[in-house]
Structures are given as C-alpha cells and as structure tokens.
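So that the names make sense, note that chain A is the first sequence line, chain B the second, and so on, each numbered from 1.
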Protein chains: 2
Amino acid sequence: MTYRIGELAKLTDLSEHTLRFYEKEGLLVPKRNVSNVRVYSEDDRLWAEFIVHMKGTGMSLEDLKKYKDLRESDSDNYEELVAILIRHKENVEAKMAEYQHNLDLMNKKIAMYEQYMDGQGEKDLYDRFVKEKRTQN
Amino acid sequence: MTYRIGELAKLTDLSEHTLRFYEKEGLLVPKRNVSNVRVYSEDDRLWAEFIVHMKGTGMSLEDLKKYKDLRESDSDNYEELVAILIRHKENVEAKMAEYQHNLDLMNKKIAMYEQYMDGQGEKDLYDRFVKEKRTQN
DNA sequence: CTACACCTTAGAGCCGACTCTAGGTCAAGG
DNA sequence: CCTTGACCTAGAGTCGGCTCTAAGGTGTAG
C-alpha cells in the first residue's frame, strides 16, 4: 500500500503543505514515481503518525529529525534512541505534573467564582486586590 | 510591597523584555513613578504569576488579555470568566489525556528497544519496515 | 481532445511570542 | 564630577512551524 500526498494528508491530519515542508526539513522524505509524484510507503505513514504523536506532546521537529537520523544511521545506536525517548517521556511527565497543579488552581478559582455568584462567598484575595485598585483609581 | 521591573522579572522568571512586551500588549500594565519607572504592585505580581501558570498550560496571551479585560470591565461578568476558565480547564484535561496516551506508546517503544538490546526480543513492526527498506536501497 | 483533479516547484508571507539593539535618562556611591 | 547600573523608548529581528502563491506538469474520464 502506498499513498500520494493528498491521501496521506487526510490520514494524518497534516496538510499537504506541511508534508512538503517536512520533506524540505528532511523529516519525512518519500520516494517519487516516474512522474516525480511523491509516493509514501506504509512505513512513511507509520513514521508520519509517530511524528504527529511526538510533536503532539511537544517534541520539536528538530529533535524528531535527530531521532530519525540516529535510527537510520548504520551504527545501531539503540541506547541513544532509548535515551531520547526516555528524556522526552520525562519531559512529558513533568509537563503533566505542572498541568495537574494548574488544573487544581483553576478548579479552586472556578469554585470561588461559583460560590461568589451564589452570594455565599467572597472572591479570592487576588480579585479583592483588583477591586480595591479599581475603586482607588 | 511594590516591585521594579528587574525584581518582578526575577520573581516570575519572565525577562524584563517580556514584561515590557506584555505591557505593550496590554496584558500587564504597571503604574509609573515620578521618574517614569514601572512600579508593579502586589496584585500585578499575582496577575503575572497567574499569566505564567495559564500560559504554561497553553493559554494564549490573546485569551489572557480577554480574560483580563472581562475581569476589569464594570459589567461583573463572572459567568463569562468562569466559562473561560472551564473551557481552558477542559482543554488542559484533553491535552493530559492525549499526553497519557502518548506516554503509553513511548513506554511500549522503550520496552521494545530494551528487550531488543538484551537480545531477547524483536524490534517492533515499524523498525523492521525501516530495516527492510534500508537493505533494499 | 479537453476538462478536471491532483500533483510539482521556489520562494514569500504569516503568526505568536518573544528577543534584542541603539541610544537616552536618572540616582547613588567613590 | 563621574561612573555604574538599572531603567527608559521605538522599532527591528528571530524563531518554529507552518501556510500560501504563482505558474506550470500529469493523467484519466467523457
């Protein structure tokens, strides 16, 4: 099974422009047929999907390029590949912890607003500051 | 307690450039003293920290600006404020679910590489594809 | 044979979010 | 007095990641 650029674009939710851009960057370089049309193989598709997942968790295209180059080098550098994956994994875990922390803050803020709207509470410290400032000016 | 730009920069881990940029964008506008030097108040600091948290979970400066304008408008629009927070919260939760999914994928990939390095396993499908392709060229 | 969808290129433009530069002001300490 | 260091301005530049344009080629159906 092979794909032309429009087909792969639909499958991966990347635009054709983006796929061509990735090719320019050396990140995803398909073969060409006799008419010079890009022909993406099954493993090109799998790699494209991997790209989507990884950039979706914040890996840069630059790092993905490094990963790809490592993997395609002849010097079976699996330790380095694994190291990159583990490093990225740790970044994602750290990000998730930060997200969770900020979710907690948002939930508190939301709860405070809702209490306030019910006339049962006070707005939080920060909002009181703002109010005071406004009434001063 | 008030802060000059250099102090606030240290406290928030934003650069002075960034703080001036935020002011240009109307996102964080301190008062000035007689010498035209920026004087950040305690609630400016709290707001700056809120900005850091929210942009850290992917809220755009544009949306933060909207939030700020809403909050400072006279038409106590708490429903809208809460709606923005809830929308953002849901985005963050969705992002976390995606992250978790991709973490699982990474963990599988890492496990596979490690098995392979121990000589006890096979590289996964995708890597076999790559190998075959390489030996063909 | 021509209309149409789909593909090609090089290169320019855009966007968000900074990041930096050049040149200037001001207050305190030696 | 003079230097140092923190501050000020307007505006230009950078960066990652697209996104689009113009002008043209290809291949298949009616």
Undergrad: Taking 4.0 Å as the cut-off, does a side-chain nitrogen or oxygen of B/Arg32 come that near to OP1 or OP2 on D/dT9?
TA: yes
Undergrad: Go through the structure and list residues passing salt bridge (charged side-chain N to carboxylate O under 4.0 Å, His left out) with B/Lys108, not counting sequence neighbours.
TA: none
Undergrad: First and last nucleotide of DNA chain C in contact with chain B, 5' to 3', at under 4.0 Å to a heavy atom: what are they?
TA: C/dA17 to C/dA27
Undergrad: Could you list the residues that satisfy salt bridge (charged side-chain N to carboxylate O under 4.0 Å, His left out) with A/Glu16, not counting sequence neighbours?
TA: A/Arg20
Undergrad: Identify, with sequence neighbours excluded, every residue that meets side-chain hydrogen bond (donor to acceptor under 3.5 Å, both in side chains) alongside A/Asn107.
TA: B/Lys89
Undergrad: Can you name the side-chain hydrogen bond (donor to acceptor under 3.5 Å, both in side chains) partners of A/His53, sequence neighbours left out?
TA: B/Asn102
Undergrad: For B/Arg4 and D/dG5, give me the distance from atom CZ to atom P, rounded to whole Å.
TA: 15 Å
Undergrad: Measure the distance from CD1 on A/Ile5 to P on D/dT26 and round it to the nearest whole Å.
TA: 17 Å
Undergrad: Name all residues meeting the side-chain hydrogen bond (donor to acceptor under 3.5 Å, both in side chains) criterion together with A/Thr12; count only those two or more places apart in sequence or in a different chain, and write none if there are none.
TA: none
Undergrad: Find the distance A/Ile51:CD1 to D/dC18:C1' and express it as a whole number of Å.
TA: 14 Å
Undergrad: A/Arg4: which residues meet the salt bridge (charged side-chain N to carboxylate O under 4.0 Å, His left out) condition with it, sequence neighbours left out?
TA: none
Undergrad: Of the residues in residues 7-27 of chain A, which ones touch DNA chain C at a heavy-atom distance under 4.0 Å?
TA: A/Glu16, A/Arg20, A/Lys24
Undergrad: So which pairs with a foot in residues 46-57 of chain A pass salt bridge (charged side-chain N to carboxylate O under 4.0 Å, His left out), sequence neighbours left out?
TA: A/Arg45-A/Glu49
Undergrad: Could you tell me if A/Tyr40 and A/Glu7 have a donor-acceptor pair between their side chains, going purely by distance under 3.5 Å?
TA: no
